[in-house]
Amino acid sequence: MNILILGGGGREHALAWAVMQNPKCDKLIVAPGNAGIAKIAECARLDIEDGEKVVDFCNVMSIDFVIIGPEAPLAAGVADALGEAGILTFGPSQAAARLEASKSFTKEVCDAAKAPTAAYARFTEADPAKAYIRAQGAPIVVKADGLAAGKGVIVAMTEDEALSAIDDMFGGEFGAAGAEVVIEEFMTGEEGSLFVLSDGETLLPIGTAQDHKRVGDGDTGPNTGGMGAYSPAPVLTDAVVQKAMDEIVAPTMRVMAERGMPYKGVLYAGLMVENGQPRLVEYNVRFGDPECQVLMMRLGAQALDLMIACAEGKLAGRQAHWADDHAMTVVMAAKGYPGAYDKGSVIKGLDQIEATSKQMVFHAGTREVDGQITASGGRVLNITARGETLAEARDRAYAMIEGIDWPEGFNRSDIGWRAL
Ligand code: AMP
Ligand code: GLY
């Protein structure tokens with residue numbers, strides 16, 4: 001099978017790594033890929049948000065199966081274009097991708113599904129939004145409706161913070177994504193992420209993870225795309241996962257099917273758990289990054305079989321086979337991230353780190369320049385390890401970091417603290 005993965009971050013390196021271990025894969029191309037991916041697969045330049053160009057590329061390269069990593073091509077309808085061209089694709093349609101692309105759509109679907117989530121109201125003008133905030137009081141959560149690269153959510157601990165978030169959003173800080181605003185009740189509890197495959201009819205949970213969104217140790221400082229993750233998430237016990245499937249995921253999927261937009265692909269349910277009761281924080285229509293890295297480390301080659309079965313509508317009767325193991329990934333980022341940072345610094349020592357089924361360095365933002373690996377993004381490397389216990393996975397990951405010589409980079413030193 002000739003396979004194309006769209007994307008070029010740590011998530012896609014982990015997907016490529018899992019796919020390459022499966023003998024079904026004859027040839028793998030990743031677009032655009034990165035310096036780490038280039039060591040295991042062919043990388044191609046391609047406008048991955050243009051469905052027509054992706055279809056043409058697949059025809060020229062005889063691609064049999066496409067895995068769409070990030071949300072942007074999904075929201076742009078690339079899965080629809082591939083589907084119409086008869087190319088087997090892992091990733092939801094543009095209509096179904098609204099579960100991530102529009103927060104007000106998601107809230108409305110949750111209402112129809114009676115899925116437990118935060119109480120909310122939606123606004124297209126500042127004055128009524130502010131009146132609502134004054135009436136509700138703080139803490140309160142203000143969200144831009146559309147895709148805002150993870151920055152469109154303000155968890156406001158004071159009323160003033162919430163009011164100024166309204167000004168920012170309607171003032172255009174998030175562009176079209178902020179034309180509509182959702183204001184939510186502040187939920188307390190512990191967060192965890194549940195990953196579920198859906199082929200439009202059958203649902204298959206494929207693992208849990210927890211990430212660290214704040215940049216600094218002790219969960220301090222500004223929010224990031226994620227500074228580390230581990231799997232499984234202790235807060236998502238079997239009982240909590242069952243409740244989340246029965247009360248949140250399955251009813252949402254039913255509503256999507258009833259509305260003529262069956263969901264096909266991986267659904268990432270961000271959950272807030274309090275006293276054993278999960279509530280939905282948000283859906284994403286793709287694997288999380290860096291959560292995917294720990295899931296792939298644990299699933300290995302079977303990930304490809306499961307994604308193909310999902311895309312073919314043949315999930316019924318399938319199972320994910322888990323070893324009783326744990327995985328952790330620690331993100332190394334360029335100093336300054338998530339604010340301004342420099343690109344181009346040289347990273348040394350990566351060649352000395354052995355790549356095995358127990359430990360892998362996934363590249364997130366790297367480029368090879370004159371034979372050297374250089375940083376080309378904010379989040380740059382994902383140091384990923386597996387162990388019989390989470391402590392063993394952590395020790396292995398941090399030992400790998402010892403061998404990396406990159407003075408311009410940094411990482412959190414406490415990934416997994418909540419679970420350890
Ligand atoms: P999102 O981009 O929707 O994942 O939101 C980013 C983060 O904001 C989440 O991971 C939560 O930590 C937090 N958050 C979002 N909505 C709420 C809520 N209603 N109550 C408390 N925290 C929230
Ligand atoms: N790590 C969070 C996300 O992928 O959205």
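No experiment lies behind these values; they were computed from the predicted model shown. Whatever order the structure lists them in is the order used to number ligands and atoms, beginning at 1. Only heavy atoms go into these numbers, but all of them, side chains included; no hydrogens, no water, no symmetry mates.
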* **Nitrogen or oxygen of Met187 less than 3.5 angstrom from that of ligand 1** => yes
Which is it for [X] and ligand 1 at heavy atoms under 4.0 Å: side chain, backbone, both or neither?
X	value
Val155	side chain
Glu282	side chain
Lys143	side chain

* Val331 to Asn411 - nearest heavy-atom pair and separation -> O-CB, 3.3 Å
Short list, please: which atoms of ligand 1 are under 4.0 Å from a heavy atom of [X]?
X	result
Lys213	10 (O)
Glu184	16 (N), 18 (C), 19 (N)
Lys103	3 (O)
Phe186	20 (N), 21 (C)

* To do: Flag the pair Phe90 / Ile308 as yes when at least one side-chain heavy-atom distance between them is below 4.5 Å, and no otherwise.
  =>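 No; the side chains remain at least 4.5 Å from each other.
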Between the side chains of [X] and [Y], does any donor sit under 3.5 Å from an acceptor?
X	Y	result
Gln94	Asp80	no
Asp111	Tyr120	yes
Thr117	Arg279	no
Thr384	Gln359	no
Asp238	Gln242	no

Which donor-acceptor pairs under 3.5 Å do side chains of residues 263-272 form with protein atoms, sequence neighbours excluded?
{"from": "Tyr263", "atom 1": "OH", "to": "Val266", "atom 2": "O", "distance (Å)": "2.7"}
{"from": "Tyr263", "atom 1": "OH", "to": "Val285", "atom 2": "O", "distance (Å)": "3.3"}
{"from": "Tyr268", "atom 1": "OH", "to": "Glu291", "atom 2": "OE2", "distance (Å)": "3.0"}

* Residue contacts for ligand 2, heavy atom to ligand atom, distance under 4.0 Å -> Asp211, Gly225, Tyr268, Asn284, Arg286, Gly288, Asp289, Pro290, Glu291
* Please walk me through it: do Arg11 and Gln293 pass side chain to side chain contact (heavy atoms under 4.5 Å, CB included)? -> CA-CA 6 Å; Arg11 167 180 49 212; Gln293 289 78 315; 4.2 Å; yes
* **Axial cation check for Phe105 ring with Arg98, 6.0 Å and 45° limits** => yes
